[in-house]
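Written below as structure tokens is the structure these notes are about.
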Amino acid sequence: MEAKQFLCPPQIFYGENALELAGEKLATLGKKALIVTDKMMVQLGYISNLTKVLDANGVEYAIYDGANAETQDVFVDEGLEIYKKEDCQFLIALGGGSPIDTMKAIAAMVTNPGKITDYMGKVIPNETPKMVAIPTTAGTGSEATQFTIVADTKNDVKMLLKGPNVIPDIAIDDPLLTMSVPPKVTAATGIDALTHAIEAYTSLKNQPLTDTYSLAAIKRIADNLRKVVENGKDVEARSEMMLASLEAGMAFNNSSVTIVHGMSRPIGAIFHVPHGVSNAILLPACLEFAMEGCPERFAKVAEAMGVDTRGLSDIEAAKKGVEAVAKLCSDVQIPSKVSELGVDVAKYEASLDKMASDALASGSPNNTMKQPTKEDLIAIYKKLI
């Protein structure tokens, strides 16, 4: 077996009441934390859940609650100013992908020179302050990854920043913090996690450990996403989705994403569509393209999705698997057309060339086993009109 490296958070707490379980560990990271979150977390009382744990363990804190949209460079500047002004020593993110990505970028700028836009596509070189990631959605897996996505607001580009230095030191996956997530967000983030798992498994950079986590995540999502969209109070299904999101995050962190994420970022950057939604709307069409590059792997995806593949060839099973993914997207009411997202269709059509170019420039599509051309990407984008 070829030698591989597998990166993940040094410590993970997961399951019901994981936040309370992690309290003593948080106290070892420093005397004062910057909590990076959004206003919804404050309104729902989740911040209060966190601050009670910090108070009980003697940890002081300052709060930045401005991460209220997809992560932007301006959020990083605002949070960094508070971190320095309040003399914080470590960071805690509480929320969805935006607060976690914002926290990572703030931490990077505490110890690295220049501006966040200087690091587009680059590895963050210097070690950051300690970071704790507490997701409140089951989707991004960002609590387990070496990546952060930040929008360059001047150039309408979503920047990918990366490196082992931005992997959180502690991940806390407590399903009780996801109980109030509305059905539409639950669906979009769940399909986002499914995207991570399938892309990691079918990427050119797959490895045995990522395969294990990917297939486990696909099965959990196939078995539980419909349940949790229908009944958000189903704690068992919420727990399974939280674990699936973590597994998928660890998988793509060590394998890679592929065509879906490459094509998703331009839609998000230009039309301000949430990341999970743009991934979800692209997923069926992208998989239909990609499956021809590794039908034997897509056949395994089909099995994990619950498809009976007995007696089928790999390509037949692969097609059934893609159909099962499309059915799941439909069942949880993922839109199939960009017009359903409120996107200006005329502007979308005028942006096809730029989106395809930006997608290829991101590098992610090159990890797809069936290598796409610019024309291939434009054709897929057109299917969403």
Side-chain angles (χ1 to χ4, degrees), residues 40 44 69-70 95-98 135-141 175 177-199 217-245 248 257 259-261 263-268 270-290 301-302 304-307 319-345 348 380-385:
M40 184 58 69
L44 291 173
E70 296 280 295
S98 183
T136 59
T137 61
T140 69
L177 298 176
T178 69
M179 300 300 288
S180 61
V181 178
K184 284 186 178 180
V185 178
T186 296
T189 54
I191 296 297
D192 189 21
L194 181 63
T195 304
H196 294 152
I198 294 175
E199 288 197 295
I218 294 167
K219 186 176 189 313
R220 289 187 204 278
I221 294 165
D223 290 346
N224 290 280
L225 183 55
R226 290 179 180 89
K227 295 178 185 177
V228 80
V229 169
E230 183 177 339
N231 177 18
K233 302 303 181 185
D234 186 333
V235 179
E236 182 177 351
R238 287 282 190 194
S239 297
E240 288 291 299
M241 287 301 300
M242 201 72 168
L243 190 54
S245 177
V257 290
I259 186 172
V260 183
H261 274 72
M263 295 185 69
S264 170
R265 293 187 195 110
I267 293 177
I270 297 171
F271 300 101
H272 309 293
V273 174
H275 174 71
V277 175
S278 55
N279 273 346
I281 196 172
L282 279 160
L283 185 59
C286 285
L287 296 189
E288 187 177 351
F289 170 86
V301 170
M305 287 293 299
V307 175
K319 290 178 180 178
K320 292 288 186 182
V322 173
E323 289 172 5
V325 170
K327 179 69 163 56
L328 177 58
C329 289
S330 175
D331 286 349
V332 298
Q333 299 183 12
I334 295 296
S336 60
K337 303 295 181 182
V338 291
S339 58
E340 298 175 60
L341 306 177
V343 167
D344 182 328
V345 174
Y348 179 86
I380 294 171
Y381 279 132
K382 284 182 176 178
K383 287 186 176 182
L384 306 185
I385 297 175

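These values consider heavy atoms only, across backbone and side chains, with no hydrogens, waters or symmetry-generated copies.
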Give me the atom names and distance for the closest heavy-atom approach of A302 to G321. CB-CA, 3.5 Å
Is it the case that the side chain of E240 and the backbone of I221 share a donor-acceptor pair, with hydrogens and angles ignored and the cut-off at 3.5 Å? no
Would you kindly say whether N279 and T195 are connected by a side-chain donor-acceptor distance under 3.5 Å? no
Under 3.5 Å, side chain of S98 to main-chain N/O of A69, donor-acceptor pair present? yes
Atom of T136, atom of G96 and distance for their closest heavy-atom approach: OG1-N, 3.5 Å
Search all heavy atoms of F271 against all heavy atoms of Y348 and return the closest pair with its distance. CZ-CA, 3.4 Å
Taking the side chain from D192 and the backbone from A188, do they hold a donor-acceptor pair closer than 3.5 Å? no
Taking all non-hydrogen atoms of both residues into account, name the closest pair between M305 and I218 and its distance. SD-CG2, 3.7 Å
Contacts of K382 meeting salt bridge (charged side-chain N to carboxylate O under 4.0 Å, His left out) (sequence neighbours excluded), chain-then-number -> none
Pair R238 + D234, salt bridge at N-O below 4.0 Å: no
Begin with the C-alpha distance, continue with both residues' side-chain angles, and end with the deciding distance and a verdict on side-chain contact (heavy atoms from CB on, under 4.5 Å) for L384 and K337. CA-CA 5 Å; L384 306 185; K337 303 295 181 182; 5.6 Å; no
Please list all pairs meeting ring-ring contact (aromatic ring centres under 6.0 Å, His included) that have one or both residues in residues 221-244, counting only residues at least two apart or in different chains. none
For G139 and S245, the nearest pair of non-hydrogen atoms, with its separation, is N-OG, 2.9 Å
Closest non-hydrogen atoms of I380 and A285, given as atom of the first, atom of the second and distance, are CG2-CB, 4.0 Å
Carefully, step by step, assess T178 and T186 under the rule side-chain contact (heavy atoms from CB on, under 4.5 Å). CA-CA 9 Å; T178 69; T186 296; over 6 Å; no
H261: which residues meet the ring pair (Phe, Tyr, Trp, His ring centres under 6.0 Å) condition with it, sequence neighbours left out? H196, H275
List the steps, then state whether side-chain contact (heavy atoms from CB on, under 4.5 Å) holds for T189 with T140. CA-CA 7 Å; T189 54; T140 69; 5.7 Å; no
Working for side-chain contact (heavy atoms from CB on, under 4.5 Å), residues E323 and L287: CA-CA 10 Å; E323 289 172 5; L287 296 189; over 6 Å; no
